[in-house]
Amino acid sequence: GAVVSQHPSWVICKSGTSVKIECRSLDFQATTMFWYRQFPKQSLMLMATSNEGSKATYEQGVEKDKFLINHASLTLSTLTVTSAHPEDSSFYICSAQRSGSEQYFGPGTRLTVT
Amino acid sequence: QQQVKQSPQSLIVQKGGISIINCAYENTAFDYFPWYQQFPGKGPALLIAIRPDVSEKKEGRFTISFNKSAKQFSLHIMDSQPGDSATYFCAASGWSYKLSFGAGTTVTVRA
């Protein structure tokens with residue numbers, strides 16, 4: 001149990017366009033979902049925390065108007081990168097958490113902006 | 001500012017040897033200390049985790065040692081296998097459940 005999926009697994013988009021990444025908890029209800037960004041050979045950096053039905057909480061330095069997060073249900077959160085630029089190219093990873101338990105990570109989404 | 005400091009950055013171990021990775025933290029409010037294993041192009045997977053009420057936890061070939069007074073914890077991989085070659089991250093969290101990750105250690109196990 002405790003499987004988290006992400007879609008797409010990789011995406012290439014042109015500079016200036018927007019791209020949406022989905023994160024789903026497949027076999028449990030996630031009260032909280034987290035979004036991370038990971039650059040090559042670096043650690044995971046938390047971008048934002050989202051709770052179902054409420055606005056996401058962004059970490060310092062993360063532009064909330066650029067990285068739109070929606071947590072519409074207990075099994076789905078989406079991250080939309082708006083007006084993407086090459087510097088947004090990264091590996092985006094989500095995690096999902098049941099109340100008070102550990103975080104379960106998705107397989108990640110590789111975003112390349114050309 | 002990284003709240004969890006991890007060392008070494010990389011290590012090479014012979015098959016059958018012991019890999020040791022160390023982490024240190026400052027925030028005494030942290031009460032959950034997991035270790036994650038990540039393969040290239042994949043998301044991290046929980047390996048083993050410990051809470052401050054115990055000093056050691058063992059699961060198979062993986063052991064966490066925890067020193068609350070020194071604010072340090074470490075991962076020992078016994079009988080290292082080529083399939084253990086991966087990047088390992090320590091992390092810590094408190095009441096908010098937000099994880100602070102270490103910088104990561106790339107482990108290479110030579111056959």
Side-chain angles (χ1 to χ4, degrees), chain A residues 1-11 21-26 30-51 56-62 79 90-112, chain B residues 1-11 21-25 27 29-52 57 59 62 64 75 85-108:
Chain A
V3 179
V4 177
S5 70
Q6 284 184 238
H7 179 79
S9 56
W10 59 272
V11 58
I21 302 170
E22 291 186 350
C23 175
R24 293 182 185 272
S25 56
L26 299 185
T31 52
T32 305
M33 286 185 170
F34 302 84
W35 286 96
Y36 297 83
R37 181 166 52 181
Q38 184 178 36
F39 292 107
K41 298 193 183 301
Q42 293 189 22
S43 188
L44 285 78
M45 295 302 295
L46 179 65
M47 299 175 67
T49 304
S50 75
N51 293 295
T57 303
Y58 292 81
E59 294 300 300
Q60 191 172 11
V62 178
L79 168 68
S90 188
F91 193 49
Y92 291 87
I93 307 170
C94 73
S95 71
Q97 181 185 48
R98 287 181 284 219
S99 179
S101 77
E102 67 185 83
Q103 292 184 32
Y104 300 95
F105 285 83
T109 296
R110 173 76 57 196
L111 169 63
T112 301
Chain B
Q1 182 183 356
Q2 203 147 34
Q3 296 195 58
V4 180
K5 294 188 182 342
Q6 182 172 348
S7 64
Q9 186 176 5
S10 64
L11 68 90
I21 306 170
N22 300 299
C23 285
Y25 64 98
N27 189 343
F30 286 152
D31 63 359
Y32 177 65
F33 303 89
W35 284 89
Y36 293 90
Q37 179 188 56
Q38 185 179 33
F39 293 104
K42 305 293 184 184
L46 178 67
L47 205 55
I48 186 172
I50 199 168
R51 292 199 180 269
K57 183 175 181 179
E59 289 184 3
F62 301 94
I64 298 180
L75 176 69
S85 296
T87 300
Y88 294 81
F89 293 97
C90 62
S93 70
W95 64 268
S96 70
Y97 303 113
K98 292 199 301 185
L99 288 167
S100 293
F101 282 87
T105 298
T106 300
V107 173
T108 303

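Sequence lines set the chain letters: A, B, ... in the order given, protein chains first and strands last, and positions in each chain run from 1.
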Report summary line: Checked B/G41, B/A91, B/A49 vs chain A; the most non-hydrogen pairs under 4.5 Å come from B/G41
Report task. Quick one: which of B/P40, B/A45, B/P34, B/A103 has the most heavy-atom pairs under 4.5 Å with chain A, could you say? Result -> B/A103
Query - Largest heavy-atom contact set with chain B, pairs under 4.5 Å, which of A/F91, A/F34, A/F105 - result: A/F105
Short of 3.5 Å, which donor-acceptor contacts do chain B and chain A share? List atoms and distances.
{"unit_1": "B/Q38", "atom_1": "OE1", "unit_2": "A/Q38", "atom_2": "NE2", "d": "2.9"}
{"unit_1": "B/Q38", "atom_1": "NE2", "unit_2": "A/Q38", "atom_2": "OE1", "d": "2.9"}
{"unit_1": "B/G43", "atom_1": "N", "unit_2": "A/P107", "atom_2": "O", "d": "3.2"}
{"unit_1": "B/Y97", "atom_1": "O", "unit_2": "A/Q103", "atom_2": "NE2", "d": "2.8"}
{"unit_1": "B/K98", "atom_1": "NZ", "unit_2": "A/E59", "atom_2": "OE2", "d": "2.8"}
{"unit_1": "B/G102", "atom_1": "O", "unit_2": "A/S43", "atom_2": "OG", "d": "2.6"}

Query - Contact class of A/L44 relative to chain B, heavy atoms under 4.5 angstrom - result: both
